[in-house]
Each structure stands twice: as structure tokens, then as C-alpha cells.
Participant: 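Could you have a look at this structure, given as C-alpha cells, before my questions?
Predicted, not measured: the structure shown is a model, and the values here were computed from it. Convention: sequence-line order gives letters A, B, ...; per-chain numbering from 1.
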Number of protein chains: 2
Amino acid sequence: MIEASGRKETIGSVSLGGLETTVGFLLRLAQVAVFKDLLAALKPFDLRVTDLSVLLVIEATPGLQQRAIGEVLRIQRPNLVTIIDQLEARGLVRRGPVQGDRRAYALSLTKEGEALLQEAKIAHAQHDRKVLDALGDVDKAQMLAALERIAAL
Amino acid sequence: MIEASGRKETIGSVSLGGLETTVGFLLRLAQVAVFKDLLAALKPFDLRVTDLSVLLVIEATPGLQQRAIGEVLRIQRPNLVTIIDQLEARGLVRRGPVQGDRRAYALSLTKEGEALLQEAKIAHAQHDRKVLDALGDVDKAQMLAALERIAAL
DNA sequence: TATTGTTATACTCTATAACTATA
DNA sequence: TATAGTTATAGAGTATAACAATA
């Protein structure tokens, strides 16, 4: 049932009990949709959303260590191991030596990693445009600022 | 490192590689934060976010069937079985008969379920206020509309 | 044949403890 | 002692296939 406002408040005759006018509920639906769309966009490159994020971070700061990636992307260190393992096995990422600390790895993109990332970034940009278009009259900077404040709850 | 704009673009010297100005990335951080905050608010009632959603939907449309809940909340039917099982075992929800269809259950809240939900709704309202405060200058209706368009990607 | 609820199962994501090798 | 990475494991949350009872 679509109302005059364009807001769908019921499905069939079943109400959402107020959830439909809640930021949290729609935030979840939006986030799931965005990740699903991006995952589909990255499918040709066999990359998950997290993989792209990791590649972007490494590209931006080559030589950084796994711990640093975990901090900025909020990925637990144990979980990051598998991710880097896979990217390394595919020849996209290199675990180089860190001079002065033999415990850590200096991460960098291989030539193949760079090449794949450039392609993936195009797909990501197309996806991002769809999201931005969906913002409509909401200013992007204001939206980012609001989301950031919510993220800091 | 906090910049003049107040936007944190780096952590230490590690850049996020453009992710920090992406709606999708901040959408994820915001959604995780909201769910974490709500989960904490519901802790005294031993309810998860999904449990509250289910109770709200049943309250809004008593007598509805499991299938209908799954549709509006986007929960797979098999997964809903366990959720209703637990709420029923706690005496919060009742699986009554549906006249004319012995396959289905008419779900409703018990007296205890009603009572617990009223308490939980107060906690939820307090949580929701925090989220709304974080919106700042962003209009709630505009935000909901934008999130809805993104959810429909 | 189709549908409601169910069972079993699997896959992804995320989280924690404990280990190793270094520092 | 503390830290980087690792291993093993466990817990959510989510997904699909197939079944029984009923429509």
C-alpha cells in the first residue's frame, strides 16, 4: 500500500508498528541495500566489499601494517589475517618486510593488485553515483556529518 | 587526527583512501552504532533488536501470521521460527489458532508480553531520541525519505 | 499443486583466547 | 612485558533445500 506521501507504511494489511518512521530501521534497510548493490558491482572482480576497502586503504598508505588496517576499517586482527591471506594468494597484495621490526609486514599492492583496483574503482564510482542520486534533496556533506554523529553515539 | 572541519579523515597517519567521504561506509558505521546502542538499551529486558521489532509488529497487528512478520521485517521464515519459539517460551507471545487455516498460527502478545513491551518501548524511545539528536540540522523526514530511496536501490 | 510452518544445514561476519616470534 | 601476526574456535545473523500438514 503506497500512500500519498510515497512512504510505504504497511505491507498488505500488516503495519510495521512505528518502525517505518524510525531512523534505525531505515538505516539498516539502506545499509543492506547499499552493500548488496556494491557486492553485485564488484562481482566481476571477485571482490567483497571488505576486500575493496582493504585494497583502497593499502593503496592510500602503502607500507602500512595489518594492525593499522584493522583499526581504520574496524576489522579484528584475526579476521584480517584471512582477508590478507586471500588477497596475497591471488597475487593482489604483497606482505613485505618492515625494516626494524621482523614481527610485522609492510603491505603493498602488486602490479596486478593495482590494475584490478583501478577497474574495481570504476565500478565502485558507478555504484556510488547511484547512492548519491538516491540522496535527492539531502546535501551529501550534511548526510555524511549526520551519519558520522550517529556513528559516534 | 581531527581536521578543522571536524571530520576525521585519518587515524594516525593511515588514510581511509576516500572511504571516509562515502555514504556507504558511513552508513555502515552509523547502522552498527545504532544497533549497538539499541541492543544495550534493551539489555535489561533481555531483548535483541529483532525481538523488539517482532513484538512491535505483533502489537500493531494482532492475529497476524509468521509469514507476514517475515515479509515486513525481511526475516526468512525458517529464522523466524526460532525467534517466535523463544518469545513463546518466555510467555511473551502466543501462537493461537487461525480459523479456517490449520497450517498457520495467529500471533498475539500475552499480558506479560504487553507489559514487557511497554517498558521496552520507553527504553527504545530514549534511544531513538539520541539518534534524532545526532541528526542535527538534517530534517528527519528528509533523512527517512533519503534512506528509503537508498533502500530501494 | 501451492502454502505455512518446520527441520536441518551451511555460509558469512564478527568476536575472544591463547599461541609464536619478535620487540 | 608488550606487540604483530597467527591459530583455533565460537557465536551471531542470514540463507537455501526439503519435509509434513493443510489448503
Participant: With no angle test and no hydrogens, is the base of D:dA4 tied to the side chain of A:D101 by a donor-acceptor pair under 3.5 Å?
Facilitator: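 Answer is no: no donor-acceptor pair is held.
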Participant: Report the residue (B:A106 or A:R74) whose heavy-atom-nearest nucleotide on DNA chain C is the more 5′ of the two.
Facilitator: B:A106
Participant: Starting from C1' on D:dA12, measure out to CD1 on B:I83 and report it in whole angstrom.
Facilitator: 12 Å
Participant: With a 4.0 Å limit, can you tell me whether B:R103 has a side-chain N or O closer than that to the phosphate oxygens OP1/OP2 of C:dT6?
Facilitator: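 Answer no for this pair, as no side-chain N or O of B:R103 is under 4.0 Å from OP1 or OP2.
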Participant: Does a side-chain N or O from A:Q76 land closer than 4.0 Å to OP1 or OP2 of C:dT14, or not?
Facilitator: no
Participant: Whole angstroms only, please: what is the CD1-P distance between A:I75 and C:dC13?
Facilitator: 10 Å
Participant: Does B:R95 put a side-chain nitrogen or oxygen below 4.0 Å from OP1 or OP2 of C:dT4?
Facilitator: no
Participant: Taking the side chain of A:N79 as its heavy atoms from C-beta onward, which of D:dT7, C:dT4, C:dA15 lies nearest to it?
Facilitator: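 The nucleotide sitting nearest to the side chain is C:dA15.
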Participant: On DNA chain C, compare the nucleotides closest to B:Y105 and A:T50; which residue's is nearer the 5' end?
Facilitator: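 It is B:Y105 whose nearest nucleotide is closer to the 5' end.
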Participant: Is A:R48 close enough to C:dC13 that one of its side-chain N or O atoms is under 4.0 Å from OP1 or OP2 there?
Facilitator: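 Checking C:dC13 against A:R48, a side-chain N or O does come within under 4.0 Å of OP1 or OP2.
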Participant: Find the distance A:R102:CZ to C:dA21:P and express it as a whole number of Å.
Facilitator: 12 Å
Participant: For the pair made of CG in B:L80 and P in D:dT16, what is the distance, rounded to whole Å?
Facilitator: 16 Å
Participant: Looking at B:R28, does any N or O in its side chain come under 4.0 Å of the phosphate oxygens OP1/OP2 on C:dT14?
Facilitator: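 For B:R28, the contact criterion (side-chain N or O under 4.0 Å from OP1 or OP2 of C:dT14) is met.
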Participant: Any donor-acceptor pair under 3.5 Å joining the side chain of B:R67 to the base of C:dT4?
Facilitator: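 No pair found.
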Participant: Between A:L109 and A:L92, is any pair of side-chain heavy atoms under 4.5 Å apart?
Facilitator: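 The answer is no; the side chains never approach within 4.5 Å.
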Participant: Within the pair A:Q65 and D:dT3, is there a side-chain N or O less than 4.0 Å away from OP1 or OP2?
Facilitator: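 So the side chain of A:Q65 is outside the cut-off, no N or O lying under 4.0 Å from OP1 or OP2 of D:dT3.
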